Each structure stands twice: as structure tokens, then as C-alpha cells.
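Down below is the structure, laid out as C-alpha cells.
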Number of protein chains: 2
Amino acid sequence: MQICVQSWPAMPHDDPLPSRLSSDVYNVLRRQIVTGELRPNQPLIELDLAERLQVSRTPVRECLQRLAHAGLVVPRKRGWAVREFTPDEIRQNAELRMALEGYAASLAAIRGSPSDIAAIVAIHERRLTLRSSDEEKRVKTNRDFHDAIMRASGNGRLTDAIYHSGQFYFNAPIARATTGEELKLGNADHALIVAALLKRDGAAAERAMRAHIQRTFAVFWRVTGLAEPLHVQPR
Amino acid sequence: MQICVQSWPAMPHDDPLPSRLSSDVYNVLRRQIVTGELRPNQPLIELDLAERLQVSRTPVRECLQRLAHAGLVVPRKRGWAVREFTPDEIRQNAELRMALEGYAASLAAIRGSPSDIAAIVAIHERRLTLRSSDEEKRVKTNRDFHDAIMRASGNGRLTDAIYHSGQFYFNAPIARATTGEELKLGNADHALIVAALLKRDGAAAERAMRAHIQRTFAVFWRVTGLAEPLHVQPR
DNA sequence: GAGGCAAGGTTTGTATGCAAATTTGCGTGC
DNA sequence: GCACGCAAATTTGCATACAAACCTTGCCTC
């Protein structure tokens, strides 16, 4: 087969099983769902997908099972369709991220090794020197920053869950928005998080991370023009 | 086919796709993994499973994809094996639950409807009247209690994530152990959570829930005889 | 002209076929 | 007795086959 893996915006949690076709199919379909190339509620016809990707139905079906488990695809009476995310579900996901990344930040502050913390600080400082025009680098260092904190938490399950939740931001037109303005605003928030980490103050780190994610999503609603659901602010 | 669905301890998040064979297979295999009937690291031979369950390899393969995505099964160079959970991974999962259920409790306190809260209180009080010998009812009301809080959080994504994480507690011999002593200690913890919910104090509810889960796992280590990993206490 | 029924075409859900790749077992040589 | 290597037997990964369920469409009837 010749699944055309053109270069695309790096995405977290690509899931390559050791040399298995269904894994390539998974990554391609996930990207197409997540970027909106496959529209919400669009029915997914196995044979169509198989022909487009030059594989048989078998890997496609296996991949659909995983997408369904990931929550990106929903079962219909017959077959599958791309899941549609309502604004409320996006809010719910933001809250999920606040729970997970907030806790990760708290663990990082408490038990991250000195070199873990140093790595986070380094990423933060590198980020401060970026020219505002270099969007790609900003996206990357932002991800690096959050990744480094997760890693410092010393909890792989938590990290997995965060990656998982990350699959939900991107649904058209979310991808563009979350990589756009949000990133310009982040530095002040990041500085607060870094300060808490350096003080080894878990509670402060958790608060700062939650506030950061919440602010990010406030931007998101504005940029996308979606109506912000009520109760984004839990406390 | 005649997958023998004998009565088993109720498990969260049975995942029945609308009338699909692979879904029954999924629930059976998940249970067998989680109860230890299928041992950690045991290779899963497709044809074996298919014959045991009286289905063909196709639904088995699809089900394995979902189990892999759930993290209960890991890919080998060739085929799959039951994932082995180390004590450290179990600790990580406990922390994940603390993050998720703690946040759910906080949301429930802040925005749960009066009837949501009343339902939680009712479950708690029913639970107080149970005879300690009635183990099955205790297990059930415990689950009801946690479920009701999740529901009161008004966040389905969070709820899903909690259910998901729930798949990991039970690995032999966990299931039996968690129905024993833990439950006796639970009532006092539950009372603290209920009090915070009634006061609509999100931060207190979150603290109480985290402490409850942590205590549960402290019991777990003792009962199972596994070595408790360091750093269970994050603050 | 509208509604219902039926027939045909899709599309799925499951089963099976086939070749490749890995593992197992045995024999041989050291 | 141990190690190495070759061959046979599993067992997978992918493809395809087949029947049942479903949807569409067109025709017939009222």
C-alpha cells in the first residue's frame, strides 16, 4: 500500500504499532478527522477508505475499532461516523485537561528531579527568545514545555491520559485556533508555572497550570467564534 | 457463538457496541485479563481465543485492537500479550484517579444541582445502614457513590476518563482485595466528601476525594502484600 | 398524484484463505 | 554436554469471500 504520509503538523501520540498496516491507517484517519478533512457526522464507508488508502477492508476495520475507543468515531446502527464535538464537549475536554495537567504540574513540583526542573526552565527561556513571527517554533516549544512537565511528573499513565485528551482539541476549525493566538499569550502563564516549580510548591503549580489552560480556552472561544459554554470556571 | 457470559462482579464501562460480536469478545477478554484469569505477559493466540469463544478470528482481532488501545494488551513483535502491571504502574493509576475523581468532586460541589447532591447524600446514608456482612451490597453502593459524584460533575469526558482508568485497578488479585477492608474505612471518608459537597466547597471536596482514594490504595498495598511504591503521597 | 410495497444494490459483519515471518524442535558438529 | 544451524510447524497480517441487514428507488395501486 502507499498511504501518502505527507508532512503534516506534528501531532501527539501517533500510535505506530510495530510495523502494522492498521497503525498507518490509524494515524492517517486520525489526522483527517482531527483537521476536519473528514467532516463531523460524516459516515465512514469501509470500502471507500480502503480504496483511498490502497489497503483492504481488514486494516481499516481494525483501525476504526481503535478510533472508536479513542472517541473520535462513533458507532451507528450500521457502520461508523466521525464524531461531532459540541462546544460543550470541548469545554468538558478543557476541564479534563485542567484536571490532568494541573495534577501533573503538582507532581512535577513535588517530586521532579532537579534536572527535570532545569529542563523545563531551559525550554521556557528558549521560548522567551523566539521571534513572534516564528509560529512553528512557538508551537513546538509550547508542546515541549507541556511535555517536559508531564515527564517530570513521573507518571506515565497520567501522561498517556493527557495525550489522549489532546486528541480532542483538534476538530475543524480547532486546530488552527489552538496553534494561533493562544501561543502568544502563554509566556506570562508559563512564567508563573515555572516559578511555582522552582519553589517546589505543588499547590501553586497546580493552580497556575489550571489557570493557564483556562485562559487558553478563553482565547479559543473568542478566536473560533463558538459560543463559550457556561461554567468554564470551576472555582 | 455462545460466549459464556456467566454472572461476574459488575464492572464499569462494559462496552457494548450495537450488536457487534467483537464487543462481547471485548467484555469477556477484558474481564479475564482484569481478574487474572489470563495471566500477565501471557501471549494471546488469536485462534485459541476464537475457538474458546466460538467465533472466528476476525472479531477477536478487532477486539484486541481495542484492548490494546485501552492499554490492557501490549503488542509484541508478532501478536499480542496481556500487559503486566508493575506496582509502580498501579500507583500511577491511583494518582490518575486522584486527579480525575478529585476534580470531579470539586465540580460536583460547585455546580452539581441540588438533586444531584441529594442523590449522593441518599446513597451515602443508605450505605451507612448496610450490615457489614453484605459484601456485595457494599461494593455496589460504593460504586454508586462514586458514580453519582461523577454524574454531578456535569462532565461526560471526565466521567469517561474515570471509567477508563477504572479498567486498571483490577488485576489479579486486586478485585477481591478491594472489596474487603477498604470498604469499612470508606464510610468516614465518604462522610467528609459529603460534608464538603453540602457546603458547596469545591476545594474541600477535591481534597477529601483525593485523600479517600489514597487511603484506599494504602489498604490495597497492605492486603495484596505488594510493596508500596514510594511517593504515593504527593503533598 | 401520493403512498406503500418490493426488488435491487450497498455495505456491513463474520468467516476463511494464503503467503510471509517468526518461533520451535531436532540434528549435527565441536 | 553445549552451541549452532537448518527445516518444519505455528501463527500472524492482510486479503477476499459470502450472507444478512439495510437503504434506495422505482413501480404499482389506490
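Reminder, nothing fancy here: chain letters follow the sequence lines and each chain counts from 1. Bear in mind the structure is a predicted one, so any value in this text is a computation, not a measurement.
- Under 4.0 Å is where a charged nitrogen must lie from a carboxylate oxygen, and between A/E206 and A/R210 at least one such pair does.
- Between B/T58 and the phosphate of C/dT14, there is no side-chain N or O to OP1/OP2 separation shorter than 4.0 Å.
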Under the criterion side chain to side chain contact (heavy atoms under 4.5 Å, CB included), I'd like the reasoning laid out for A/V74 against A/W80: C-alpha separation, chi angles, the key distance, then a yes or no. CA-CA 6 Å; A/V74 291; A/W80 310 90; over 6 Å; no

Between B/L44 and B/L29, is the side chain to side chain contact (heavy atoms under 4.5 Å, CB included) condition met? List the steps. CA-CA 10 Å; B/L44 295 167; B/L29 286 189; 5.8 Å; no

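- You'll find that the side chain of A/R57 is closest to D/dT16, out of C/dA15, D/dG13, D/dT16.
- For A/K77, whose side chain is taken as the heavy atoms from C-beta onward, the closest listed nucleotide among D/dC23, D/dC14, C/dT14 is D/dC23.
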Take A/N142 and A/H190 through the side chain to side chain contact (heavy atoms under 4.5 Å, CB included) test and state the conclusion after the steps. CA-CA 9 Å; A/N142 185 57; A/H190 285 196; 3.2 Å; yes

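- Checking side-chain atoms of B/N93 against main-chain N and O of B/I90 turns up no donor-acceptor pair under 3.5 Å.
- In summary, A/R91 and A/E95 engage in a salt bridge, as defined by a charged side-chain N under 4.0 Å from a carboxylate O.
- To the nearest angstrom, C1' of D/dG13 lies 11 Å from CD of B/Q65.
- Here the side chain of A/W80 is nearest to one of C/dT16, D/dC14, C/dG13, namely C/dG13.
- Taking the six-membered ring for Trp and thresholds of 30 and 60 degrees, B/H124 and B/F145 have ring planes inclined between 30 and 60 degrees apart.
- Rounded to an integer number of Å, the gap from CZ of A/R61 to P of D/dT16 is 16 Å.
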Protein-nucleotides 5-10 of chain D N/O pairs under 3.5 Å:
none

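- The stretch residues 43-51 of chain B touches DNA chain D through B/L44, B/I45, B/E46, each having a heavy atom under 4.0 angstrom from the strand.
- For B/T141 and B/D144, the side-chain atoms include no donor-acceptor pair closer than 3.5 Å.
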